[in-house]
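Working notes, beginning with the structure itself.
Residue numbers start at 1 and run along the sequence shown. Note that this is a predicted model, so its numbers are computed, not measured.
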Amino acid sequence: MKKLFIALALLLGSITCFAQADYKVIFDITSKTPEAQQTLLRQMNGILQGTPDAQLEVAIYGDALDMVLKDKSTVAPALGELINNHKNVSFKVCGATMKRNNKNASELLPGVQIVPDAIYEIITKQREGWGYIKVAH
């Protein structure tokens with residue numbers, strides 16, 4: 001009976017750990033439309049309401065660059081709130097896109113990180129078992 005109890009406890013513990021640690025999603029956004037950017041933020045907030053410990057990352061490149069620029073972002077307050085209130089949320093902008101558009105780190109919203117290549121970032125996360133969502137509207 002004791003062995004059964006221990007086995008059951010281990011099983012329940014591993015299921016709980018797996019369920020909590022397994023929610024990892026990378027979002028891919030290339031759209032400059034406010035609707036697509038608002039959809040992304042709405043989806044992220046919805047996930048975090050149901051699973052506060054979910055790990056969420058956004059790979060930003062192409063036309064979505066304006067989303068994270070101080071002087072052009074139409075979603076800066078909502079994006080900043082996600083960054084400041086959730087340690088498990090990150091926004092990563094493509095360094096190649098920034099270079100192509102003659103932008104530098106000082107022009108980014110606070111908390112936005114630069115990666116050398118957003119597509120490589122996505123591929124790396126997928127290899128690590130992260131889910132993938134292409135944001136489109």
Side-chain angles (χ1 to χ4, degrees):
M1 185 70 162
K2 186 176 179 181
K3 288 182 183 179
L4 179 62
F5 178 72
I6 292 172
L8 183 59
L10 289 172
L11 178 64
L12 288 174
S14 65
I15 289 172
T16 301
C17 289
F18 178 75
Q20 291 176 354
D22 196 45
Y23 207 125
K24 300 182 283 188
V25 177
I26 185 158
F27 293 88
D28 170 344
I29 187 163
T30 58
S31 176
K32 67 180 177 179
T33 69
E35 295 84 8
Q37 295 172 11
Q38 291 165 359
T39 296
L40 164 67
L41 298 173
R42 186 178 63 248
Q43 289 171 344
M44 294 177 74
N45 280 310
I47 290 169
L48 291 167
Q49 284 177 356
T51 312
D53 61 339
Q55 291 182 312
L56 306 178
E57 182 175 313
V58 181
I60 302 148
Y61 60 108
D63 289 339
L65 178 60
D66 287 355
M67 177 181 179
V68 293
L69 294 176
K70 290 177 186 174
D71 64 339
K72 293 190 177 181
S73 179
T74 61
V75 294
L79 192 146
E81 189 175 312
L82 281 167
I83 290 172
N84 293 328
N85 296 332
H86 300 281
K87 66 180 184 333
N88 48 332
V89 170
S90 59
F91 289 83
K92 298 189 179 174
V93 65
C94 180
T97 296
M98 290 187 62
K99 184 176 180 180
R100 210 171 33 258
N101 287 278
N102 298 312
K103 301 296 178 187
N104 62 56
S106 68
E107 297 175 79
L108 295 174
L109 294 170
V112 175
Q113 302 166 20
I114 301 171
V115 293
D117 183 331
I119 293 173
Y120 186 74
E121 180 73 10
I122 292 166
I123 292 167
T124 300
K125 292 298 183 187
Q126 287 180 303
R127 284 183 185 153
E128 295 172 359
W130 287 54
Y132 168 82
I133 303 291
K134 173 67 178 171
V135 179
H137 189 273

Interatomic distance, [X] atom [atom1] to [Y] atom [atom2] [nearest 0.5 angstrom]:
{"X": "Phe91", "Y": "Leu41", "atom1": "CZ", "atom2": "CG", "result": "5.5 Å"}
{"X": "Leu65", "Y": "Thr30", "atom1": "CG", "atom2": "OG1", "result": "12.0 Å"}
{"X": "Lys24", "Y": "Gln55", "atom1": "NZ", "atom2": "CD", "result": "6.0 Å"}
{"X": "Arg42", "Y": "Glu35", "atom1": "CZ", "atom2": "CD", "result": "10.5 Å"}
{"X": "Asp28", "Y": "Gln126", "atom1": "CG", "atom2": "CD", "result": "9.0 Å"}
{"X": "Gln37", "Y": "Lys32", "atom1": "CD", "atom2": "NZ", "result": "10.5 Å"}

Please collect all salt bridge (charged side-chain N to carboxylate O under 4.0 Å, His left out) contacts where either partner lies in residues 88-99, sequence neighbours excluded, each pair once.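 Matches after skipping sequence neighbours: Glu57-Lys92, Lys92-Glu121.
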Taking transitive links into account, so neighbours of neighbours count too, which hydrophobic residues share a cluster with Ile26 at under 4.5 Å side-chain distance?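 Hydrophobic cluster check, Ile26: joined to Tyr61, Ile119, Ile122, Ile123, Trp130, Tyr132.
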Would you say that [X] contacts [Y] through its side chain, given a criterion of any heavy-atom pair below 4.5 Å between the two side chains?
{"X": "Asp53", "Y": "Tyr23", "answer": "no"}
{"X": "Ile60", "Y": "Thr97", "answer": "no"}
{"X": "Met67", "Y": "Leu40", "answer": "yes"}
{"X": "Leu48", "Y": "Leu82", "answer": "yes"}
{"X": "Met44", "Y": "Val58", "answer": "yes"}

Looking only at heavy atoms, what is the nearest atom pair of Ile47 and Ala54, with distance? CG2-CB, 3.8 Å
Checking side-chain polar atoms at under 3.5 Å, does Thr124 have a donor or acceptor matched by the opposite partner on Arg127? no
Are there over 12 heavy-atom neighbours, none belonging to Lys134, within less than 6.0 Å of that residue's NZ? yes
Identify each donor-acceptor pair in which a side-chain atom of residues 105-115 lies under 3.5 Å from a protein atom, sequence neighbours left out, and give them as a table.
residue	atom	partner	partner atom	Å
Ser106	OG	Asn104	OD1	2.4
Glu107	OE2	Asn104	N	2.9

